Amino acid sequence: MSIVIIGGHERMENRYKEICKKYSHKSKVFTKMRSDLSHQIGKPDLMILFTATASHKMIRCAVVESERNHFRLERSHSSSANALIQILEAYA
């Protein structure tokens, strides 16, 4: 399963990838807004949106892409490793 994570803390980026790897998922993590974010997202099976640490522009871009490409979008206010694990457990 491919996962895209939007938001979160830069220092946790590698940890997010490790957690996804433990669940045998491929992951992309975007902690900062990039000019080509909508093109970089692609068509994942699941997008996780950490709303507390993502900018409004990143959130809008993520929501538009999920509606346009019809993939699941899971929102979490917390951007902790535990929050990510709980989301992955729910979809495992």
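The basis for the numbers below is simple: all heavy atoms, side chains too, and nothing from hydrogens, waters or symmetry mates. Just so it is clear, the model here is predicted, and its values are computed rather than measured.
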Q. Roughly how far, to the nearest 0.5 Å, is NZ of Lys32 from CD of Glu13?
A. 10.0 Å
Q. Taking the hydrophobic residues Ile, Leu, Val, Met, Phe, Trp and Tyr, and joining any pair whose side-chain heavy atoms are under 4.5 Å apart, which ones share a cluster with Tyr23?
A. Met1, Ile3, Ile5, Met12, Tyr16, Ile19, Val29, Leu46, Ile48, Phe50, Leu84, Ile85, Ile87, Leu88, Tyr91
Q: Measure across Gly42 and Asn69 and return the closest heavy-atom pair with its distance rounded to 0.1 Å.
A: O-ND2, 3.8 Å
Q | Option passing side chain to side chain contact (heavy atoms under 4.5 Å, CB included) with Ile6 (candidates Thr31, Thr51, Ile59, Leu49) | A | Leu49
Q. Is it true that Glu65 and Arg68 make a salt bridge, defined as a side-chain N closer than 4.0 Å to a carboxylate O?
A. yes
(Q) Keeping Asp45 on the side-chain end and Ser2 on the backbone end, is there a donor-acceptor pair under 3.5 Å? (A) yes
Q: Verify, without hydrogens or angle tests, whether Lys28 (side chain) and Gln40 (backbone) share a donor-acceptor contact under 3.5 angstrom.
A: yes
Q: Decide whether Ser78 and Ser80 meet the rule of one side-chain donor and one side-chain acceptor closer than 3.5 Å.
A: yes
Q) Less than 4.5 Å apart, any side-chain heavy atom of Met47 and any of Val63? A) no
Q.
Which heavy atom of Leu73 sits nearest to which heavy atom of Ser66, and what is that distance?
A. CD2-OG, 3.8 Å
Q: Any chance you could measure Ser27, atom OG, to Glu18, atom CD, to the nearest 0.5 Å?
A: 10.0 Å
Q. What pair of heavy atoms forms the shortest contact from Ala83 to Ser76, and how long is it?
A. CB-OG, 3.8 Å
